[in-house]
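All remarks here apply to the structure that follows.
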Amino acid sequence: METYLFDGTLEGLLTSVFYFYQRKTKSIKLVSKEHYLPDVFNNCFTVVSEDEKARRVWNGLKKKLGKEWMLHFYKAFLSEQPDIFQDLFEFARYIIDNAEGAEENYGNKYVLAISQMSHKVHREKHRMEAFIRFQKTSDDIFYAHIEPDYNVLPLLIEHFQNRYADQKWIIYDLKRKYGLFYDLDKVEEIAFDFSSEMSSNLNALPEQFLDPQEELYSVLWKDYFRSTNIPSRKNMKLHIRHVPRRYWKYLSEKQG
Amino acid sequence: MFDRIREKLGILADAAKYDVSCSSSGSNRKNENKGLGDAHGTGICHTYTEDGRCVSLLKILLTNHCIFDCAFCVSRRSNDIKRAAFTVEEVVELTMNFYRRNYIEGLFLSSGIFKNADYTMERLVRIVKKLRNEERFNGYIHLKTIPGASEELLKEAGLYADRMSINLEMPTETGLKLLAPEKSHAEVKKPLQYIQESITQFSDEKALIKSVPKFVPAGQSTQIVIGATPDTDQEIMHTANAFYKSFSLKRVYYSGYIPISYDERLPIIGTQPPLIRENRLYQADWLLRFYGFNVQEILNDTYPNLEVDVDPKLSWALRNLDQFPVDVNTADYRMILRVPGIGVASALKIVQARKFGRLYQDNLKKIGLSFNKAKHFIRYADSPVQLKDHEAGHIKGVILADGQSKYLKNPFNQLSLF
């Protein structure tokens, strides 16, 4: 078995699929540079990402897979999980080598792996759509930062742009150190240096940066959350199933 | 100012919370005017209360002043509580500012009846109109239909709301008459019918002329209170089923009665709300809407109440063992859907996957069905040879022992009310 070493990008992964067929390799182990440990028993082939080769593989997949499955492929990739690269590679091979419709075979290990990972990423995306809490700054920007389990920012653009079309907003991923900025016209990728004391808790913006009304609405929201609860129905097990503890930090209504 | 708005929100959110619907799904309203908000087809729960209920909308009453005296309602005329009323501007400001911070999907606006039905409905319409026309708000709006309001007002409301609802309250007319002599099921049916007809009319016209506006695009719903009156599950579900059929309702909500009064016609304060019964009714409701069951199969004169210790699908299967085992490699989708432990998603995966080859235990487990429950009711490529048929009591025992945490933890602390 040969090891293919790639740069961890989607382009690199697709280029690897291209080389696999071009070089007529039998079976490979696909590893990203980030996770690579040199291994004396296996040959190692370093894949250089190439736009053109990647595009050919992508279009090849597109011919066989519908829009929904192309999105599953992309979402599974955004999970950034070390094992998913191999799964995506094997899935691509399975689709290319078989007649149309092969993606419906949930008895196939890779079909199932991609479908399940895509759902996990989708769930994380949905959680961000639900749990992000903006704070309004004194210069009229609605700001929120997040630390999602998966790299879901690219999946959030459409939702937030459609919804908050008449206000400027920033969503910043502290873990991956980049964010989205909507300027009333378009969404741009941004990166900035935080001072080291930036806390990952919500409501983290220091008071002097906030709009004067921000406090009123965050208090009213907390009040509302408390009033709408029915104590005699308390069911913490169900509560935690819906909002696992690691998401509590996003929810301003659950802070102090 | 700060304190006054906090107090109002406290009173009017507290009074609105017994309406359990918090759905924000089913609308297709798009942000086409570069305003604020865009409907999310399947809805979003922005947070959950400690009782595990979804919080999706800002759910408030315009006022809790009310001319009626319904025994089950916390805002009833004779109840000695603090009263408050929002202004139109206050509701609009709260909605806009909560929405901008991604706290909510929209507004759920209800009200006590002050003066008369039309006067109240007119105030509600004024708020939603301002949100849509002046603030260019495209978020979700759930508006309560006030019984007795004129058809002109209902029609106007429907142009701005995504969903409208009016509550049946008690599952039977006798129950309602007992607790709310001033109300009747007939006055709920009339507006449901009128709005349903208007929805059909608008969508027929829209098919021909694109510029026809949306009218209640997320449809109508209603709520039935459970456990305030001695009705059986059969009566409740048959009523719900009839309302689904007659008015094409999107949802019927079942709300376990939470004692809020010392009225002797009702369970006393401190009685546990019937949460498990409520859960079983929702499961039965799902069987009707997504699993192709007929209400008669689940609840009938022989079985007038749902079992507490097992869910209604398992309960049905145990009563109908002659229809099992189902061979997942050959059976109809319809029948696979009826297997306890197999949901809609797993059933679809099974019928897709088996086109590529016979399914084994290993495949089934990975597909994600609840195998330990389903295994008693299915055959698959490598199912073990079974020497004798097991009887229902035995299977139930095995499943209950298996799933202890889920089924046996709570049922016995729920007291029977009657």
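Throughout, protein chains are lettered first and strands after them, A, B, ... in sequence-line order, and every chain is numbered starting at 1. Side chains are part of it too, since the values below use all heavy atoms of this structure and drop only hydrogens, waters and symmetry mates.
- Between the side chains of B/Ser56 and B/Glu105, no donor-acceptor pair is found at a separation under 3.5 Å.
- With a 4.5 angstrom heavy-atom cutoff, A/Tyr217 touches chain B via backbone and side-chain atoms both.
- The distance from atom CH2 of A/Trp169 to atom CD1 of A/Ile141, rounded to the nearest 0.5 Å, is 12.0 Å.
- When each of B/Lys366, B/Lys349, B/Arg100, B/Lys355 is scored by its heavy-atom pairs under 4.5 Å with chain A, the top score falls to B/Arg100.
- Per-residue counts of heavy-atom pairs under 4.5 Å with chain B were compared for A/Arg127, A/Gln213, A/Arg241, A/Glu129; the largest is that of A/Glu129.
- Per-residue heavy-atom pair counts under 4.5 Å with chain B were compared for A/Gln116, A/Lys136, A/His126, A/His159, and the maximum is reached by A/His126.
- Counting heavy-atom pairs under 4.5 Å between each of B/Gln352, B/Lys17, B/Lys34, B/Arg101 and chain A puts B/Arg101 at the top.
- Annotation for B/Tyr253 and B/Ser23: closest pair OH-CB, 3.3 Å, computed over non-hydrogen atoms.
- Between the side chains of A/Tyr21 and A/Asp97, a donor-acceptor pair is found at a separation under 3.5 Å.
- Ranked by heavy-atom pairs under 4.5 Å with chain B, the first of A/Met236, A/Lys109, A/Gln167 is A/Gln167.
- In this structure, A/Lys120 places its NZ atom where only 12 or fewer heavy-atom neighbours from other residues, nucleotides or ligands lie under 6.0 Å away.
- In terms of heavy-atom pairs under 4.5 angstrom with chain B, the leader among A/Leu238, A/Ile240, A/Asn108, A/Asn229 is A/Asn229.
- Using a 4.0 Å cut-off between charged side-chain N and carboxylate O, B/Asp51 and A/Lys237 make no salt bridge.
- Contacts between A/Phe160 and chain B at a heavy-atom distance below 4.5 Å involve the side chain alone, from C-beta outward.
- Interface remark: A/Val111 contributes no atoms to any contact with chain B (heavy atom separation under 4.5 Å).
- Interface residue A/Leu220: backbone and side-chain heavy atoms are both found under 4.5 Å from chain B.
- Contacts of B/Tyr48 with chain A are made by both backbone and side-chain atoms, with heavy-atom separations under 4.5 Å.
- Ion pairing of B/Lys82 with B/Glu7 is present here, as a side-chain N (NZ or NE/NH1/NH2) and a carboxylate O approach within less than 4.0 Å.
- At a 4.5 Å heavy-atom cutoff, the contact between B/Tyr99 and chain A is made by backbone and side-chain atoms alike.
- Between B/Cys22 and B/Cys54, a gap of 2.5 Å or greater is found separating the two SG atoms.
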| said: Determine whether A/Glu80 and A/Tyr150 satisfy the following criterion, side chain to side chain contact (heavy atoms under 4.5 Å, CB included), listing intermediate values before the conclusion. | reply: CA-CA 7 Å; A/Glu80 302 174 323; A/Tyr150 310 121; 5.7 Å; no

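- Interface remark: of the candidates B/Thr42, B/Leu12, B/Leu359, B/Leu58, B/Leu58 forms the most heavy-atom pairs closer than 4.5 Å to chain A.
- Taking the six-membered ring where tryptophan is involved, the planes of A/Trp221 and B/Tyr103 are essentially parallel, since the angle between them stays under 30° and well short of 60°.
- Note: B/Ile258 leads B/Ile258, B/Ile104, B/Ile367, B/Val55 in heavy-atom pairs under 4.5 Å with chain A.
- Taking chain A as the reference chain and counting heavy-atom pairs below 4.5 Å, the highest number among B/Asp14, B/Leu9, B/Asn97, B/Asn363 is found for B/Asn97.
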